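Quick caveat: nothing in here was measured; it's all calculated off a predicted structure.
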Amino acid sequence: RKSHTQHVPGIQIADVQDLLDKNAQILILSRGVHNRLELAKETQKFLRDRQAESSIEIHFETTAKAVELYN
């Protein structure tokens with residue numbers, strides 16, 4: 001919540017940067033219970049670029065699916 005995320009435009013680069021800087025291998029992002037939280041276009045590009053550079057696995061799912069993946 002570094003960027004005070006709202007449903008629109010959604011998750012910002014600042015919200016995921018620390019995790020990636022710590023060399024996370026799997027990133028699970030939640031779209032919220034009702035699938036309303038978006039992933040900002042800039043963040044999508046940033047994550048695609050990072051994924052191309054490394055072997056990070058990225059998921060963007062509803063909360064229920066995100067929790068299932070996490071567990």
Side-chain angles (χ1 to χ4, degrees):
R1 298 197 54 85
K2 283 188 173 196
S3 65
H4 305 287
T5 302
Q6 300 292 317
H7 286 116
V8 176
I11 299 171
Q12 303 292 306
I13 293 172
D15 300 318
V16 298
Q17 184 71 55
D18 287 345
L19 297 170
L20 298 176
D21 287 346
K22 293 178 182 174
N23 297 317
Q25 295 178 344
I26 300 172
L27 183 61
I28 302 172
L29 303 172
S30 172
R31 293 186 51 84
V33 174
H34 301 290
N35 244 4
R36 293 186 182 147
L37 180 59
E38 295 183 15
L39 186 60
K41 290 181 187 216
E42 298 83 15
T43 309
Q44 290 176 35
K45 181 183 181 329
F46 174 76
L47 290 174
R48 277 193 308 272
D49 291 347
R50 288 296 291 259
Q51 197 169 29
E53 297 169 2
S54 66
S55 60
I56 188 167
E57 186 177 327
I58 300 171
H59 301 272
F60 189 47
E61 307 286 350
T62 62
T63 297
K65 181 67 176 177
V67 169
E68 181 183 318
L69 284 168
Y70 179 83
N71 288 328

Name the atoms and distances for all side-chain donor-acceptor pairs under 3.5 Å in residues 19-27, with sequence neighbours left out.
{"from": "Asp21", "atom 1": "OD1", "to": "Gln17", "atom 2": "NE2", "distance (Å)": "2.8"}
{"from": "Asp21", "atom 1": "OD2", "to": "Gln17", "atom 2": "NE2", "distance (Å)": "3.4"}

Check side chain to side chain donor-acceptor pair (under 3.5 Å) between Lys45 and all other residues, then give those that pass, not counting sequence neighbours. Asp49

Only counting residues at least two apart or in another chain, list the ones meeting side chain to side chain donor-acceptor pair (under 3.5 Å) with Thr43. none

About how many Å separate [atom2] of [Y] and [atom1] of [X], when rounded to the nearest 0.5 Å?
| X | Y | atom1 | atom2 | answer |
| --- | --- | --- | --- | --- |
| Arg48 | Arg50 | CZ | CZ | 14.5 Å |
| Thr63 | Tyr70 | OG1 | OH | 14.5 Å |
| Ser30 | Asn35 | OG | CG | 8.5 Å |
| Asp15 | Leu29 | CG | CG | 9.0 Å |

Any pair with a residue in residues 51-62 that passes side-chain hydrogen bond (donor to acceptor under 3.5 Å, both in side chains), sequence neighbours left out, goes on the list, sorted by first then second residue, please. Glu57-His59

Closest non-hydrogen contact found for Phe60 with Arg31 is CE2-NH1, 2.9 Å

If you link ILVMFWY side chains whenever their heavy atoms are less than 4.5 Å apart, which other residues fall into the same cluster as Val67? By chain and number, please. none

Should Ile11 and Ile28 be counted in the same cluster of Ile, Leu, Val, Met, Phe, Trp and Tyr side chains packed under 4.5 Å apart? no

